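Chain A is the first sequence line, chain B the second, and so forth, proteins listed ahead of strands; every chain is numbered from 1. All values derive from a computational prediction rather than experimental measurement.
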Protein chains: 2
Amino acid sequence: MTVAPDAKRLSFEDLDDAVRALREAGLRLSTSRRLVLEALFRTDGPVSAEQLATGLGVELSAVYRNLETFERHGLVRHVHLGHGPGRYMLVGGGEHEYLYCERCGATRAVDPPQLDAVRDRIAEQFGYQARFTHFPIVGTCPACRDN
Amino acid sequence: MTVAPDAKRLSFEDLDDAVRALREAGLRLSTSRRLVLEALFRTDGPVSAEQLATGLGVELSAVYRNLETFERHGLVRHVHLGHGPGRYMLVGGGEHEYLYCERCGATRAVDPPQLDAVRDRIAEQFGYQARFTHFPIVGTCPACRDN
DNA sequence: ATACTTGCAAATGATTTGCCAGTGT
DNA sequence: ACACTGGCAAATCATTTGCAAGTAT
């Protein structure tokens, strides 16, 4: 259901790259951290902590702790797609912003520049600096609109 | 609970009006329902179920059940402002859409037409029909942006 | 060696649900 | 009278936290 944008340029090309970043941040490479990182590299959409935990046989709380650590050091971030658990992903060279269909759950990821017109309009009218990285634009997708 | 697109649009000036709407929906006017309705009329912004419950001495679960009932019948709706509990409000005359500051929690309610330009832009570019009633536009408010 | 991490269990916050006594119509 | 509703307790879901045992450096 999640559609990635065309230009998918990650700043961490591979696991070794991410591991180096971890090390530079003074963090240890524990087994579960490596497993979670590997899984994130192997996954191409936002994943829940639960999905990671069960898929890897790592304790859920450890996964949350890992993700939080990675997030604190800029390797990972998460998005809240409607109700349900947060979805985590590697931080790439560019962030993505999201559009979410409340009806069917379809998630569309877009590159931030594509939303600049929208963002500018909002800034102009209300002075708010909008970001759709942590909380998406919520609405109805084309398919659901046509029922 | 997601607001159904075919939910009836109700408009009521005061408690009696709302009570009439309740009755017409075939619902009973129990003590806790009356108390919750009264509290909603006397409250200006979106309130959490917890705030209602403690302020009224009504069981939290009953408040949730009341709110859900009201929502099912189009008297009430709720918005998710960042993390934290859902915030409930009367549907009353017209809907509002929200802008939320992730930094300070500031919430700005706007009349839907004010967001039509933004909405149109999003529809044009992505085909999504955006609504900021259930989930707000999230970002940084003017005050926080100027630090 | 020792500081950091995990597994496990229990706590937390938000919300839901089962059950039975009580109340609105 | 009867179905509907509230109080209360327990369950659920997502996430966090405390602690003792295990592991990376």
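- For B:Leu67 and C:dA14, the CG to C1' distance is 13 Å, given to the nearest whole Å.
- A donor-acceptor distance shorter than 3.5 angstrom exists from the side chain of A:Glu71 to the backbone of A:His78, with no hydrogens or angles considered.
- Between B:Glu24 atom CD and C:dT25 atom C1' there is a gap of 17 Å when expressed in whole angstrom units.
- Listed by chain and residue number, A:Arg42, A:Leu52, A:Leu56 satisfy the side chain to side chain contact (heavy atoms under 4.5 Å, CB included) test with A:Ala39 (two or more places apart in sequence, or in another chain).
- No side-chain heavy atom of A:Arg87 sits under 4.5 Å from any side-chain heavy atom of A:Val47.
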For nucleotides 21-24 of chain D, list the nitrogen or oxygen atoms of the protein found under 3.5 Å from its nitrogen or oxygen atoms, one pair per line.
| from | atom 1 | to | atom 2 | distance (Å) |
| --- | --- | --- | --- | --- |
| D:dA24 | N3 | A:Arg28 | NH1 | 3.3 |

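- The distance from atom CG of B:Leu27 to atom C1' of D:dC4 is 10 Å, rounded to the nearest whole Å.
- C:dA14 atom C1' lies 14 Å from atom CD of B:Gln51, rounded to whole Å.
- A:Leu35 has its CG atom 10 Å from the P atom of C:dT6, to the nearest Å.
- Rounding to whole angstrom units, CG of residue B:Leu52 and P of C:dA14 are separated by 14 Å.
- With sequence neighbours excluded, the residues that form a salt bridge (Lys or Arg N to Asp or Glu O under 4.0 Å) with A:Glu68 are A:Arg72.
- Between B:Thr107 and B:Tyr100, some side-chain heavy-atom pair lies under the 4.5 Å cut-off.
- Residue B:Asn66 has a polar side-chain atom (N or O) positioned under 4.0 Å from OP1 or OP2 of D:dG6.
- Side-chain contact check for B:Pro112 versus B:Arg119: some heavy-atom pair is nearer than 4.5 Å.
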Polar-atom pairs under 3.5 Å, protein N or O versus N or O of nucleotides 12-17 of chain D: list them with distances, or write none.
| from | atom 1 | to | atom 2 | distance (Å) |
| --- | --- | --- | --- | --- |
| D:dT15 | OP1 | A:Gly86 | N | 3.0 |
| D:dT15 | OP2 | A:Tyr64 | OH | 2.3 |
| D:dT15 | O5' | A:Tyr64 | OH | 3.3 |

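- For B:Arg33 and D:dA3, the CZ to P distance is 17 Å, given to the nearest whole Å.
- Rounded to a whole Å, the CD atom of B:Glu59 is 15 Å from the P atom of C:dT15.
- Listed by chain and number, the residues in a salt bridge (Lys or Arg N to Asp or Glu O under 4.0 Å) with A:Arg34 are A:Glu38 (sequence neighbours excluded).
- Sorted pairs that involve residues 109-133 of chain B and meet ring-ring contact (aromatic ring centres under 6.0 Å, His included), not counting sequence neighbours, are lacking altogether.
- You'll find the side chain of A:Thr43 stays beyond 4.5 Å of the side chain of A:Gln51, heavy atoms only.
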